> 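Got a structure for you, written out below as structure tokens; questions coming shortly.
Values in this document were obtained by computation on a predicted structure and should not be read as measured data.
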Amino acid sequence: MSDETASWHPGEIVPASGIYACDCGGEHHWSTDVKGHRFPPLPSGCSGRSWTPQKPTHPENYLG
């Protein structure tokens, strides 16, 4: 799975610590998540369905 197309739904386990954005396309909902924790619900009123990676916190350990 490529980082460019990877996405995770709320409640799934975070695969790598980093900053994730909702996939609504508005680029207004961001979440900083920790590896091993669960992704949070999307914000109220957000039309997105999943979280996509934006920036790793530890690039040397990131997926891919």
Side-chain angles (χ1 to χ4, degrees):
M1 181 183 304
S2 164
D3 288 342
E4 308 303 319
T5 59
S7 64
W8 295 270
H9 292 97
E12 290 187 306
I13 302 294
V14 176
S17 296
I19 298 172
Y20 291 80
C22 69
D23 64 349
C24 74
E27 297 183 16
H28 53 227
H29 297 300
W30 300 82
S31 179
T32 303
D33 297 296
V34 178
K35 180 179 180 177
H37 290 204
R38 294 195 179 272
F39 282 102
L42 293 166
S44 177
C46 177
S47 63
R49 296 175 47 158
S50 60
W51 293 104
T52 58
Q54 298 300 305
K55 185 174 183 177
T57 53
H58 300 285
E60 68 279 3
N61 296 330
Y62 201 64
L63 302 172

> For the residue pair Ser17 and Lys35, what are the closest heavy atoms and their distance?
OG-N, 2.8 Å
> What's the shortest heavy-atom distance between Ile19 and Thr32, and which atoms?
CG1-OG1, 3.9 Å
> Where do Trp8 and Ile13 come nearest, in terms of heavy atoms and distance?
CD1-O, 4.4 Å
> Looking at Thr52, is its backbone amide N or carbonyl O close enough to the side chain of Ser7 to form a donor-acceptor pair, meaning the two atoms are under 3.5 Å apart?
no
> Which atom pairs, one a donor and one an acceptor, fall under 3.5 Å between side chains of residues 38-50 and the rest of the protein, sequence neighbours left out?
unit_1: Arg38; atom_1: NH1; unit_2: Gly11; atom_2: O; d: 2.6
unit_1: Ser50; atom_1: OG; unit_2: Asp23; atom_2: OD2; d: 2.9

